Number of protein chains: 2
Amino acid sequence: MLGLGLCGLLIDFKLDRSLAAGPPISQSQTEFSARRTIFHQNQTVDNVPIICDGWATATFKLSNGRRQILSFLLPGEMITCRLVFETQLHVTVDSITDGSYRAFDRAQLRTAMSNSPATFDRILSAYNAESSRADQLIVDLGRRSASERVAGLLIELWDRLEKLNKTDGNSVEFPLRQSHIADATGLTTVYVNKVLGEFRHEGMVDISDRFLQIRNMTKLRRLAA
Amino acid sequence: MLGLGLCGLLIDFKLDRSLAAGPPISQSQTEFSARRTIFHQNQTVDNVPIICDGWATATFKLSNGRRQILSFLLPGEMITCRLVFETQLHVTVDSITDGSYRAFDRAQLRTAMSNSPATFDRILSAYNAESSRADQLIVDLGRRSASERVAGLLIELWDRLEKLNKTDGNSVEFPLRQSHIADATGLTTVYVNKVLGEFRHEGMVDISDRFLQIRNMTKLRRLAA
DNA sequence: CGTAAAATTGAGCTGTCTCAATCAATGTGG
DNA sequence: CCACATTGATTGAGACAGCTCAATTTTACG
């Protein structure tokens, strides 16, 4: 019963992403407000948090102040699937917007995985998706130019938001600051600003008033390819 | 019976790494020689290959000739744990040295996972290790300088080779070309050469005659930190 | 409404790249 | 076992993508 329930939640939150649109119910839900650190790097977490609403980042912070965003966390996503199998968090999780998360019991999750092949497959395919994005980021950072990387990030986010039904025509709500884009692409905010200015000038992409508008998707995808 | 056998092999190859030193037995073993492409990007692989002997790379190749090495594959390692759960390979696998691999049946692997919690844990902890290295690489590429990245790569390989008992004092057999280091760190071979020359000049690290010698581990680790 | 955070712009700098040449090592066929 | 061919290492000169520093304007928040 519990296993099944868990499984249902997982399907909703992680995979079908349908609950994001519905009313939040679970008692384990925790709200967070914008621009807060929700979990600290190297913290031990006894459960597996899944973002329920809002945007957040998973960031690796170096001692000298440099930081690299490893992933943007959107509704329905685990901070990292690694947490299903280990307890120590290797990143800092910072909220971007207001939102909420739910914490799933690790043992129950694992029980659900062994009891239900479907749950097993879903969690593992989420892990594969996470791993695929990481590899994509490695290629971007290692072998692509600044504008290619920014284009790639915008495309990735667009595609993910589209799956969440958050897009509307060529436009989508977009709470990222230029510093988020910089920390995700390994650039400086100053240079990100120049790249985005160039994109705007070319009539390809426009970010303003917390909205991202893609004016020439073909061109953007070609640049990111 | 089969499940157990598989599990045993896995322990040997992937986790305890003990079989690497012993005689190869399995009939599914395939030999490869140096500087060959073993698997192609986007190829469908019906089984899960594990490197048994020798060095190889998993490389993502872009259409314009740029390439990024995602990981170096050492004895006992899967190309990527993703292959346990999906069939399409997203990278090219190229051998560096002569060597061999064994191909495990995917379905049998998965059966072994569900039958044996220990196997389950081992495969997933291998996946976590893979994911951890990927995240480390992202941070390196995004936020560290050329010499930090090269130092980091040498340290990573040193530590992995040490676990395989391949190191001898401060020295270890090291078949990588400077172009491998370049493709792994997102640099050019010319610049890698300059960085390595600097390392040598400082008496920190020396690579010659297919051997890596670490002359000042403390300094190297501090640089890579 | 004041203050802090974010975006924008400009000037100059540097880490890393490109191009190109040379030299060393490794492998190959005869 | 040699001569050649190929691959890898090294070095130098010059270029440029992206950085730093710094000032200014705009936007957002308490």
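Chain naming here is simple, since letters A, B, ... match the order of the sequence lines and numbering starts at 1 in each. All values reported here derive from a predicted model rather than from experimental measurement.
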Looking at [N], I'd like to know if its phosphate oxygens (OP1 or OP2) sit under 4.0 Å from a side-chain N or O belonging to [X].
X        : N      : value
B:Gln178 : D:dT7  : no
B:Thr188 : C:dC17 : yes
A:Asn193 : C:dT8  : yes
B:Arg200 : D:dT10 : yes

Distance check needed: [N] [atom2] versus [X] [atom1], whole Å only.
X        : N      : atom1 : atom2 : answer
B:Arg210 : C:dA24 : CZ    : P     : 16 Å
B:Phe174 : D:dA9  : CZ    : C1'   : 15 Å
A:Leu176 : C:dA6  : CG    : P     : 12 Å
A:Ile96  : C:dA6  : CD1   : P     : 12 Å
B:Glu198 : D:dT11 : CD    : P     : 12 Å
B:Arg149 : C:dC17 : CZ    : C1'   : 12 Å
B:Arg177 : C:dG27 : CZ    : C1'   : 11 Å
A:Leu196 : C:dT8  : CG    : P     : 8 Å

Proximity to the side chain of [X] - top-ranked nucleotide from [options]:
X        : options                : result
B:Tyr191 : C:dC17, C:dG27, D:dA22 : C:dC17
B:Arg35  : C:dG27, C:dA7, D:dA9   : C:dG27
A:Leu187 : D:dA22, D:dT11, D:dC19 : D:dC19
B:Val190 : D:dG18, C:dA7, C:dA20  : C:dA20
B:Lys194 : D:dA9, D:dA13, D:dG18  : D:dA13

(message) Under 4.0 Å, counting only non-hydrogen atoms across every strand here, what does A:Thr189 touch: a base, just sugar-phosphate, or nothing?
(response) nothing
(message) Is a donor from one side chain sitting under 3.5 angstrom from an acceptor on the other, for A:Asp98 and A:Ser33?
(response)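 Looking only at side-chain atoms, A:Ser33 and A:Asp98 do not form any donor-acceptor pair under 3.5 Å.
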(message) Can you confirm whether the side chains of B:Ser100 and B:Asp53 place a donor and an acceptor under 3.5 Å from each other?
(response)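 B:Asp53 and B:Ser100 do not have a side-chain donor-acceptor pair below 3.5 Å.
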(request) Look at the aromatic rings of A:Tyr127 and A:Phe85 and report parallel, tilted or perpendicular, splitting at 30° and 60°. (result)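 Aromatic pair A:Tyr127/A:Phe85 classed parallel.
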(request) Using the closest heavy atom to pick a nucleotide of DNA chain C for each, name whichever of B:Gly186 or A:Ile207 lands nearer the 5' end. (result)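 First, find each residue's nearest nucleotide; the 5'-ward one identifies A:Ile207.
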(request) Decide if the gap between the ring center of A:Phe32 and the ring center of A:Phe39 is smaller than 6.0 angstrom. (result)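 Centroid distance A:Phe32-A:Phe39: not below 6.0 Å, so no.
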(message) Could you report the tightest heavy-atom contact between A:Gln68 and A:Ala184, atom names first, then the distance?
(response)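 Looks like NE2-O, 3.1 Å.
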